[in-house]
Amino acid sequence: AVRKDPAYDLILLDTPPTQNALDFLDAPERLIGALDSAATRWFVQAFQSSGKLSFNLLAKSTAAILRGIGKLTGAGFLEQIASFISEINEIFGGWRERATQVASALRGSDVAYVLVTTPDPLSVREVIYFADRLREQSMRRDAFVVNRVHPVYGRLPTEPDIEDTVRESGLALGPGIAGRLLRAAEDETRLGKQDAIHLMALEGALDDEAAGGSLQVRIPAFPYDIYDIQRLCRVADLLAPP
């Protein structure tokens, strides 16, 4: 209903972690499968024609199976099950149609899937698994957002260079501060190189021709927390440059 409401230009669905998200995407097919299972059809066919359980309209093999079950549970139990399934099937008829529409909509050209990860190897493996599942279900992986990526700096200044620059700016550094700043920059570069190695695993998913290729956006590891509108706007500018 929301998808067809003209009051909305864009609908964003933020799913929980991978397994729960996959459960959500699989839900329409599972519902359709439950309502259209062979056992459900047997009971509906055996019950609906006369309002009582009858095996005459069923294939011999199917009738034999149900008669065998009836010997263990009693015919009355089977008739109650058949009545229950028949009524449920009528109630859920609209659900089946809606589930089919949802399954089709999830694969529509106006639906985009954005997968979010970090450079952590476990997170990268998880998002690749999710991407493969989307591909198996004919759902497009339009973009990968990699959060908290460390930078790789070029040539770093020496300690004397840092001290001279700070002195020229009119600031004062305590003893050893220049060395600590340099080591911090070296650590950051080392983390950035590690991130680059871990993210190489994403290249196959990004270049997948069957998926039409995917966009990758990297959000840097900010030196501050993102907690207000101004800083969220900074993230927005990186996700969708003006």
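Below, each value reflects all heavy atoms present in this structure, side chains not excepted, and no hydrogens, waters or symmetry copies. The first residue of the sequence shown is numbered 1, and numbering continues consecutively from there.
- In this structure, D195 contributes its side chain and P119 its backbone to no donor-acceptor pair below 3.5 Å.
- In summary, the side chains of R135 and Q137 do not present any donor paired with an acceptor at a separation below 3.5 Å, with no hydrogens or angles considered.
- Under a cut-off of 6.0 angstrom, the local environment of CG in D225 is sparse, with at most 12 non-hydrogen atoms contributed by other residues, nucleotides or ligands.
- Annotation: the span from N147 atom CG to L239 atom CG amounts to 8.5 Å, rounded to 0.5 Å.
- Separation of atoms CZ (R141) and CG (D132) is listed at 6.5 Å; rounding is to 0.5 Å.
- Under the 4.5 Å side-chain heavy-atom criterion for Ile, Leu, Val, Met, Phe, Trp and Tyr, Y227 and L238 are members of distinct hydrophobic clusters.
- To the nearest 0.5 angstrom, D164 atom CG is 11.0 Å from S169 atom OG.
- Counting only heavy atoms from C-beta outward, the side chains of I226 and L232 approach each other to under 4.5 Å.
- T189 is not listed as a side-chain neighbour of D187, based on a closest heavy-atom distance of 4.5 Å or more.
- I197 and I128 fall into different hydrophobic clusters, defined by Ile, Leu, Val, Met, Phe, Trp and Tyr side-chain heavy atoms under 4.5 Å apart, directly or through other members.
- If you take CD1 on I177 and CG on L182, they are separated by 13.0 Å, rounding to the nearest 0.5 Å.
- Listed here is the closest heavy atom pair of I162 and P157: CG1-CG, 3.8 Å.
- The shortest side-chain heavy-atom distance between E203 and Q216 falls under the 4.5 Å cut-off.
- When side chains are defined from C-beta on, C233 counts as touching I229, because their heavy atoms get closer than 4.5 Å.
- For the residue pair R125 and Y129, no side-chain donor N or O sits within less than 3.5 Å of a side-chain acceptor on the partner.
- Looking only at side-chain heavy atoms (C-beta outward), L156 and E186 come within less than 4.5 Å of each other.
- V127 and M200 fall into different hydrophobic clusters, where Ile, Leu, Val, Met, Phe, Trp and Tyr side chains are chained together by heavy-atom contacts under 4.5 Å.
- At a threshold of 4.0 Å, the pair R234-D237 does not count as salt-bridged, since none of the basic side-chain nitrogens sits closer than that to a carboxylate oxygen.
- The shortest non-hydrogen separation linking A185 to Y153 is O-CD1, 3.8 Å.
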Discussion item. With side chain to side chain contact (heavy atoms under 4.5 Å, CB included) as the criterion, how do T117 and F130 come out once you've worked through the C-alpha distance, each side chain's angles and the decisive distance to 0.1 Å?
Written reply: CA-CA 11 Å; T117 184; F130 196 2; over 6 Å; no

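- Using a 4.5 Å cut-off on side-chain heavy atoms (C-beta onward), T15 and L13 make contact.
- A cation-pi arrangement is present between R231 and Y224 under the rule of less than 6.0 angstrom and at most 45 degrees off the ring axis.
- For the side-chain contact (heavy atoms from CB on, under 4.5 Å) with V146, the qualifying choice from T118, L202, I219 is L202, the only one to do so.
- The CD1 atom of I11 sits 8.0 Å away from the CG atom of D5 when rounded to the nearest 0.5 Å.
- Using a 4.5 Å cut-off on side-chain heavy atoms (C-beta onward), L134 and R140 make no contact.
- Residues V152 and V124 do not share a hydrophobic cluster, clusters being chains of Ile/Leu/Val/Met/Phe/Trp/Tyr side chains in contact below 4.5 Å.
- L199 is not connected to L191 by any chain of hydrophobic side-chain contacts under 4.5 Å among Ile, Leu, Val, Met, Phe, Trp and Tyr, and they are in different clusters.
- Between Y113 and M139, some side-chain heavy-atom pair lies under the 4.5 Å cut-off.
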